[in-house]
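Keep in mind it's a predicted model, so treat the numbers as computed, not measured. These numbers come from the heavy atoms of this one structure, side chains and all, not from hydrogens, waters or symmetry mates.
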Amino acid sequence: MATRIRIQDLTYPELDIYAREREAQLKFRPAHQPGIFIAESPIVIERALDAGYQPISLLMEDAHFDKQGRKIIERCGDIPVYTAPFEVLTGITGFQLTRGMLCAMYRGNQPFIEEVCMGARRIAVLENVVNPTNVGAIFRSAAALNMDAVLLTPACSDPLYRRAIRVSMGTVFQVPWTFLPDGEQYVEYLRHLDFKTAAMALSDDSVSIDHPSLRQEERLAIVLGTEGEGLAKSTIEQCDYTVKIPMSHGVDSLNVAAASAVVFWELGKEK
């Protein structure tokens with residue numbers, strides 16, 4: 001049974017993970033400690049629990065302990081549950097956005113690429129997408145619009161960073177994902193897994209996202225590039241297709257998160 005601990009301030013050392021430690025400190029613990037992430041809001045915490053992540057502690061408003069938090073507390077076993085008045089919890093930047101509940105959880109091991117892609121028909125590949133808001137938004141679109149998995153290059157923002165989780169509404173726990181190896185030629189690697197690759201880029205030989213050949217591919221990896229610069233030239237040259245979204249009013253491109261929603265909708269449809 002969870003242990004309730006009422007607090008009146010955020011100076012408890014046990015609350016460092018919520019109030020003071022940075023994302024990198026949570027992710028890269030000492031060698032004998034596993035990495036940690038923070039899930040915010042009841043719906044996000046429940047999705048993380050559904051995905052099998054192990055909770056460490058909960059931090060919530062007093063009012064939630066016997067109401068909205070009860071179901072979650074019952075699922076978390078024997079862990080500390082820190083509760084405080086709302087005015088105390090506002091000492092954590094952005095707490096107003098969490099709907100009054102936070103949960104620290106262990107990260108777990110990253111799955112292998114083959115495991116993530118097993119049986120997948122459509123996957124998204126993110127190349128150097130560094131903004132956690134964009135990563136979270138892409139995951140939400142991937143979950144909603146029939147992407148079976150997401151792969152990320154090592155330079156991408158971590159999907160388990162607090163902002164990415166929040167923006168994704170917890171869909172980072174619903175779509176299988178993992179990081180690609182550092183320095184690998186990942187397009188060739190995907191080809192060995194029987195994926196055709198579609199680079200989202202503007203070039204003279206781009207085809208429209210509604211090109212019939214794209215819909216006919218049995219397994220297709222949709223490759224999206226970093227904010228501003230887009231995909232590396234070498235990536236575009238290696239891909240089987242270069243794909244563009246038709247534009248109007250003189251607009252040349254969309255934000256990568258917005259573009260992902262458009263292309264996932266079109267290419268995620270069943271044949």
Report yes if some heavy atom in the side chain of [X] is under 4.5 Å from a heavy atom in the side chain of [Y]; otherwise report no.
X	Y	value
V256	L126	no
L49	F173	no
F37	Y106	no
N134	N255	yes
I72	C76	yes

Using a 3.5 Å distance criterion without hydrogens, assess whether the side chain of [X] forms a donor-acceptor pair with backbone atoms of [Y].
X	Y	result
E127	A232	yes
Q8	A84	no
T226	N128	yes
E23	R162	yes
S206	A201	yes
R20	L10	yes

Would you mind listing every salt bridge (Lys or Arg N to Asp or Glu O under 4.0 Å) that reaches into residues 24-39, with sequence neighbours excluded? E21-R29, K27-D158
Just grab all the salt bridge (Lys or Arg N to Asp or Glu O under 4.0 Å) pairs involving residues 232-241, residues at least two apart or on different chains. R191-D240
With [X], which residues qualify under side chain to side chain contact (heavy atoms under 4.5 Å, CB included), at least two apart?
X	result
D78	T3
A199	L231, I236, C239
T178	Q110, P111, I113, V116, L151

Give the C-alpha distance, both sets of side-chain angles, the deciding distance and a yes or no for salt bridge (Lys or Arg N to Asp or Glu O under 4.0 Å) between K71 and E46. CA-CA 9 Å; K71 180 181 176 183; E46 288 199 274; 3.5 Å; yes
Cationic tip of R70 above F65 ring, under 6.0 Å, 45° of axis: yes
Show me the donor-acceptor pairs within less than 3.5 Å that the side chains of residues 51-58 make with the rest of the protein, sequence neighbours left out.
unit_1 : atom_1 : unit_2 : atom_2 : d
S57    : OG     : Y18    : OH     : 2.8

[X]: salt bridge (charged side-chain N to carboxylate O under 4.0 Å, His left out) partners, not counting sequence neighbours:
X	answer
D210	none
E266	R215, K269
K244	none

Residues which pass side-chain hydrogen bond (donor to acceptor under 3.5 Å, both in side chains) with D194, listed by chain and number, not counting sequence neighbours: none
List the residues meeting side-chain hydrogen bond (donor to acceptor under 3.5 Å, both in side chains) with T83, not counting sequence neighbours, and say none if there are none. R4, D62
Look up atom CD1 in I138 and atom CD1 in I222, then write down how far apart they are to the nearest 0.5 Å. 11.5 Å
Mind checking the OG1-CH2 spacing from T171 to W177? Nearest 0.5 Å is all I need. 12.0 Å
Between D148 and R219, does at least one N-O distance fall below 4.0 Å, as a salt bridge requires? no
Pair E218 + R121, salt bridge at N-O below 4.0 Å: no
Within residues 192-216 or reaching into it, pairs that qualify as ring pair (Phe, Tyr, Trp, His ring centres under 6.0 Å) - sequence neighbours excluded: none
State whether the number of non-hydrogen atoms from other residues, nucleotides or ligands found under 6.0 Å of E74 atom CD is greater than 12. yes
Examine the side chains of Q238 and Q185 and answer whether a donor and an acceptor come within less than 3.5 Å of each other. yes
